[in-house]
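To start, the structure itself, in structure tokens.
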Number of protein chains: 2
Amino acid sequence: MNVTGHTRRPASIRDVATAAGVSYQTVSRVINGHPSVKHTTRERVLAAIDELGFRRNATALALASGRSRAVTVLTANTTHYGYASILQGVEEAARAASYAVGIGVLESADEAAVAAEVQRAADAGGGLIVIAYDPAGVGALAAVPAELPVVGVVETPASPPGDDRPWVWTDDREAAYEVTRHLLSLGHETVHYVAIPSSTRRTSARTTGWRQALKEAGAPEPRPVQGSWGPAGGHAVGVGLAADPSVTAILCGNDDLALGVLRALHEAGRSVPGEVSVAGFDDAPHSAYLTPALTTVRLDFTGLGRSAFALLHGVLEESAQIAPHPVSVPELVVRESSGPPPGHD
Amino acid sequence: MNVTGHTRRPASIRDVATAAGVSYQTVSRVINGHPSVKHTTRERVLAAIDELGFRRNATALALASGRSRAVTVLTANTTHYGYASILQGVEEAARAASYAVGIGVLESADEAAVAAEVQRAADAGGGLIVIAYDPAGVGALAAVPAELPVVGVVETPASPPGDDRPWVWTDDREAAYEVTRHLLSLGHETVHYVAIPSSTRRTSARTTGWRQALKEAGAPEPRPVQGSWGPAGGHAVGVGLAADPSVTAILCGNDDLALGVLRALHEAGRSVPGEVSVAGFDDAPHSAYLTPALTTVRLDFTGLGRSAFALLHGVLEESAQIAPHPVSVPELVVRESSGPPPGHD
DNA sequence: CTGAAAGCGCTTACAG
DNA sequence: CTGAAAGCGCTTACAG
């Protein structure tokens, strides 16, 4: 881009001003789109900007103006599919709005460690987006000082929060309700549930949706089994489920958990979906290629990330319009891992 | 932290100076660990800092000093396991060094789009780490202006680069060599290879390692099959491989590809490892739980990210010692998907 | 050992 | 429509 190529120090607005024969305040007006600049002057400044390859120094802008066109995402993990997709969505929207995006990982849920991470994120300037699907994230969201602009990506709240709570979420209750109904409609007497860890002490929306479908169908309500996040956790609890001959349908809190359950079932010699049906949550990229291919419900995490940014953007700049929380609708994806129970006609 | 809790504007060094009864330059000396400060003065300043909850403004620091304790990671994707793990490793090391980490996604390999992303990353200040495993990343690495501190996370280079090239990589050649030898040792006549897209026009290190093992064993050398990154790509080429009865062993460029191949084999009714052996690359979290569990080679992506940061850190601060490129050794993980060919004794 | 001055590259009132 | 001044919160020489 820089034709001369031998510039050491990048051009400043003063350099541009000199080249255009104006004061640097006028250059400032031009790059800020201020209307009161004579047309010919503007042209001259623009030409100088182009010639010198000028780019406005973001650090100086932030210091002088007090706002920084930046957002940092606080998350407990960057490798889980859902988390990574949210991050990708945030970045996508931020890029479109010319915002920088930073990232901070909450390695521990320890209060002091979380507080330190929030501080670090605050030091970066700009707004915060915290993924609050787990205790570390929930702690971080709570630890954000009131004066800092923040939006939380949260589990479905029990009751719709006021407009003052800048939160986004997917409709997990509805999603769980749908998959459970799908399983019941196949003829299963009931559906067992392997839960992901809840971020709070309250009953999660997924659990609520599952329970509601069971209630409506008059099906017995087994105790939810507590799983963890990954396939190892699914496998661990799957072993117990596989040993229980009365279990014919299992809903898992996410696809990774389902993978572990599938494996445990296989090891126990129970066929899927012949003897047991399994369904997951998320529609991770590999789920369609498993054998059997996993029935699951697709959640739009990328869209969720975009929404989170839009909301934050609205808070940060009054000019930007505040998008309503667009709750994306979950989509049931029926594949091979679900079918009628044994002996069903 | 802030006991009073009603501070609007955060405390500045001037506020601290006033509270401690010194000039703000002295405060600056204290927070920078400058030795020439009287012990009692230092104590007083430290007390004031604590009381006011002072945190040094990173933006002002960056503007005044010219360096910014920040690094931004440029990557084509945030959801692939390897990429996400590298990011996690960078963040881990950056956090330990009190650096901020930014992220920029290269959504397209288009030259103008890549250049724009590099600019955006450069605007953020600080150093750059670019993941150059694909054309977009390779393009970005090439587009970084010479004056910008950058380290590339690259495929194994054909020849060791000079010390002036701040690159890190894993030993893919060795890794491919090992898995291929494992497969051959099982009795397979040869091993087919499904390649991930190469980031450059040159033959990739994985291909080279595979080929070397074949040569040493005097095995016939099938043409590598070109795959893509995900399971869909693996499935597409897997269909062809499954239809060829002479194929008894398949090495895949990554675990996702292997998943797709496994699925294609299953659909064609060819058992694994009974009729065909399959191996992958990366040891993604789900690979151990597939049925059959996937034989693969574990690569330390998180460590790679940490190394990348260490290298950049060394470039950014002369004080920080430049770590030697620590090439992590890949580890062969034999699971269920590999076994002797049919009819082998 | 410590203070007063200048400056990093911008923006924001204030004049004209 | 455009310029001169002050300031954002720090650091970096320069004095003493």
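Side chains included, hydrogens not; waters and symmetry mates left out as well; all remaining heavy atoms used. Since we're looking at a predicted model, the values are computed, not measured. Each chain gets a letter, A, B and so on, in the order its sequence line appears, and its residues count up from 1.
A donor-acceptor pair under 3.5 Å links the side-chain atoms of B:Ser68 to the main chain of B:Gly126, judged by distance alone. The backbone N or O of A:Val22 lies less than 3.5 Å from no partner atom in the side chain of A:Thr26, so there is not a single donor-acceptor pair. Side-chain atoms of A:Thr156 come within 3.5 Å of backbone atoms of A:Thr170 as a donor-acceptor pair (strictly under, hydrogens ignored). Judged by distance alone, the side chain of A:Thr59 and the main-chain N or O of B:Leu63 form no donor-acceptor pair under 3.5 Å. Checking side-chain atoms of B:Asp15 against main-chain N and O of B:Ser12 turns up a donor-acceptor pair under 3.5 Å.
Each of A:Val37 and A:Arg14 lies near DNA chain D, and the nucleotide nearest A:Val37 is the one positioned closer to the 5' end.
One finds a side-chain N or O of A:Arg67 lying less than 4.0 angstrom from the OP1 or OP2 phosphate oxygen of C:dT12. The side chain of A:Ser28 contributes an N or O atom lying less than 4.0 Å from OP1 or OP2 of C:dT11. OP1 or OP2 of D:dC10 has not a single side-chain nitrogen or oxygen of B:Arg69 nearer than 4.0 Å. Residue A:Ser23 places none of its side-chain N or O atoms closer than 4.0 Å to OP1 or OP2 of D:dA4. For D:dC8, neither phosphate oxygen OP1 nor OP2 lies less than 4.0 angstrom from any side-chain nitrogen or oxygen of A:Ser65.
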Determine, step by step, whether A:Thr78 and B:Gln88 satisfy the side-chain hydrogen bond (donor to acceptor under 3.5 Å, both in side chains) criterion, reporting the C-alpha distance in whole Å, the side-chain angles of both residues, the deciding distance to 0.1 Å, and the verdict. CA-CA 6 Å; A:Thr78 67; B:Gln88 181 117 0; 2.7 Å; yes
The test is side-chain hydrogen bond (donor to acceptor under 3.5 Å, both in side chains); show your working for B:Asn77 and B:Tyr133 and say whether it passes. CA-CA 11 Å; B:Asn77 187 283; B:Tyr133 284 166; over 6 Å; no
Using salt bridge (charged side-chain N to carboxylate O under 4.0 Å, His left out), reason through B:Glu107 and B:Arg120 one step at a time and then give a plain yes or no. CA-CA 13 Å; B:Glu107 201 163 85; B:Arg120 197 165 79 100; over 6 Å; no
Verdict with reasoning, B:Ser36 to B:His34, per side-chain hydrogen bond (donor to acceptor under 3.5 Å, both in side chains): CA-CA 6 Å; B:Ser36 64; B:His34 197 92; 3.2 Å; yes
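What separates CG of B:Asp123 from P of C:dC10 is a distance of 11 Å, to the nearest Å. The distance from atom OH of A:Tyr24 to atom C1' of D:dA5 is 8 Å, rounded to the nearest whole Å. In this structure, B:Leu61 atom CG and D:dC8 atom P are separated by 17 Å, rounded to whole Å. Taking atom CG of A:Leu63 as the reference point, atom C1' of D:dG7 lies 9 Å away to the nearest angstrom. Counting to the nearest Å, the C1' atom of D:dA6 and the CD atom of A:Gln25 are 11 Å from each other. At whole-Å resolution of the value, CZ in A:Arg44 and P in D:dC1 are 14 Å apart. Atom CG of B:Asn57 and atom C1' of D:dG9 are 6 Å apart (whole Å). In this structure, B:Asn32 atom CG and D:dT11 atom P are separated by 5 Å, rounded to whole Å.
Taking the side chain of B:Phe54 as heavy atoms from C-beta on, and the options D:dC10, C:dT12, D:dG9, the nearest nucleotide is D:dC10. Listed candidates were D:dT2, D:dT12, C:dG3. Nearest to the side chain of B:Thr26 is C:dG3. When each of C:dT11, D:dC1, D:dT11 is scored by its nearest atom to the side-chain atoms of A:Lys38, the top-ranked nucleotide is D:dC1. In this structure, the nucleotide among D:dC10, C:dT11, D:dT12 sitting nearest to the side chain of B:Ser12 is D:dC10. The side chain of A:Val22 has D:dG3 as its nearest neighbour among C:dC1, D:dG9, D:dG3. Set against C:dC1, C:dC10, D:dG9, the side chain of A:Arg56 has C:dC10 as its closest nucleotide. In this structure, of D:dT11, C:dG9, C:dA4, it is D:dT11 that holds the atom nearest to the side chain of B:Ile31. Comparing D:dG9, D:dC1, C:dT2 by their nearest atom to the side chain of A:Ser36 picks out D:dC1. When distances are taken from the side chain of B:Ala64 to each of D:dC10, C:dA4, C:dC10, the shortest belongs to D:dC10.
The base of D:dG3 is paired with the side chain of A:Arg29 by a donor and an acceptor separated by under 3.5 Å.
At the heavy-atom level, B:Thr59 lies nowhere under 4.0 Å from the strands shown. No contact: B:Arg42 has no heavy atom under 4.0 Å from any strand.
Stem regions annotated for DNA chain D: C:1-3 with D:14-16, C:5-12 with D:5-12, C:14-16 with D:1-3, counting only runs of 3 or more consecutive pairs of Watson-Crick or G-U type with both contacts under 3.5 Å.
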